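See below for the structure under consideration.
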Amino acid sequence: MEATARFTEDFLRRPVLEVARELLGACLVSDVGGVRCAGVIVETEAYGGIDDPASHACTRAGVTVRNRAMFGPPGRAYVYRSYGIHWCVNVVTGPDGLGQAVLCRGLMPLEGEEVMSERRAGRRPLAAGPGRLAQALGITDVLYGHDLSEPPLALVPGWRVPDTDVVVTGRIGIRVGADRPYRFYVRGRPGVSRAGRNTNL
DNA sequence: ATACCGATGGACT
DNA sequence: GTCCATCGGTATA
């Protein structure tokens with residue numbers, strides 16, 4: 001991985017299912033608070049915008065204060081609070097205005113595990129699950145709408161993950177649209193959350 | 001004004 | 001496996 005490597009706008013504008021698959025193996029590099037930590041994304045979920053009933057972009061109100069980042073340019077962070085407790089981070093993708101985004105659900109730590117462990121108060125796993133991932137990387141609503149091509153949170157190309165290592169399942173923790181095969185994870189890697197169904201559809 | 005319900009994680013059995 | 005803290009966003013009145 002080179003320091004100058006970037007995902008292109010063309011890549012980020014591709015349909016959300018393709019981007020969710022291709023973001024497996026990508027790296028998230030955090031410099032939040034001036035301390036560096038990084039890891040490889042090993043689990044993602046696609047949220048398909050206004051036509052996906054499970055997506056935060058799918059509301060009667062249309063664009064709201066909460067979801068407006070999803071309708072902006074791709075490559076930005078959509079950060080939301082879950083259950084009033086956790087922060088979760090998405091990469092906005094797809095053509096402008098569709099409200100598509102990829103939820104980062106699992107990270108395999110590569111660097112700065114001590115920092116992550118501090119932020120996680122010593123709890124394990126470090127970054128398996130969207131709330132844990134965000135906490136380990138120091139992600140909060142301060143990064144809402146942040147351009148992920150820049151510090152303090154950067155998304156950069158990393159490993160190539162062959163199709164034979166990719167498992168596709170339904171999404172976790174939702175009811176409507178849960179059966180859509182929109183979850184992707186890398187088989188056998190630490191950092192993959194196991195909240196239920198890790199099986200093929 | 002207020003009711004409902006999570007894109008969850010941690011503690012516990 | 002089960003239970004539940006905790007609160008913002010949306011819908012409804």
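No hydrogens, no waters, no symmetry mates; every other heavy atom, side chains included, goes into these values. By convention in this document, chain letters (A, B, ...) are assigned in the order of the sequence lines, proteins followed by strands, and residues within each chain are numbered from 1. If you're wondering where the values come from, they're calculated on a predicted model, not measured in any experiment.
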Rounded to whole Å, how long is the line connecting atom [atom1] of [X] with atom [atom2] of [N]?
| X | N | atom1 | atom2 | answer |
| --- | --- | --- | --- | --- |
| A/Met70 | B/dA7 | CE | P | 11 Å |
| A/Ile139 | B/dT8 | CD1 | C1' | 15 Å |
| A/Arg123 | B/dC12 | CZ | P | 13 Å |
| A/Ile174 | B/dC4 | CD1 | C1' | 18 Å |
| A/Leu126 | B/dG10 | CG | P | 11 Å |
| A/Asp141 | B/dA7 | CG | C1' | 17 Å |
| A/Arg105 | B/dT8 | CZ | C1' | 8 Å |
| A/His86 | B/dA7 | NE2 | P | 12 Å |

Please determine whether a side-chain nitrogen of the Lys or Arg among A/Arg66 and A/Asp141 lies less than 4.0 Å from a carboxylate oxygen of the Asp or Glu.
no
Is A/Asp163 salt-bridged to A/Arg21, going by a charged N under 4.0 Å from an acidic O?
yes
Taking all non-hydrogen atoms of both residues, which atom of A/Val29 and which atom of A/Arg36 are closest, and how far apart?
CG1-NH1, 3.4 Å
Nucleic acid footprint by protein, nucleotides 7-13 of chain C - heavy-atom cut-off 4.0 Å, B for base, S for sugar-phosphate alone
B-SSSS-
Any ring pair (Phe, Tyr, Trp, His ring centres under 6.0 Å) involving residues 103-138 of chain A? Give me the pairs, sequence neighbours left out, ordered by first then second residue.
none
Want to know the stems of DNA chain C: at least 3 consecutive Watson-Crick or G-U pairs with distances under 3.5 Å, which are they?
B:1-6 with C:7-12, B:8-12 with C:1-5
Answer yes or no: does a side-chain N or O of A/Arg124 lie under 4.0 Å from OP1 or OP2 of B/dG10?
no
Check whether A/Tyr144 forms a cation-pi arrangement with A/Arg76 (NZ or CZ under 6.0 Å from the six-membered ring centre, at most 45° off the ring normal).
no
Any heavy-atom pair between the side chains of A/Arg14 and A/Leu12 that's under 4.5 Å?
no
Polar side chain donor-acceptor pair, [X] to [Y], under 3.5 angstrom:
| X | Y | answer |
| --- | --- | --- |
| A/Arg119 | A/Gln135 | no |
| A/Arg6 | A/Ser149 | no |
| A/Thr8 | A/Asp10 | no |

Given B/dG10, B/dT8, B/dA7, identify the nucleotide with an atom nearest to the side chain of A/Leu103.
B/dA7
What does A/Arg120 touch in the nucleic acid at a heavy-atom separation under 4.0 angstrom: a base, only the sugar-phosphate, or nothing?
sugar-phosphate
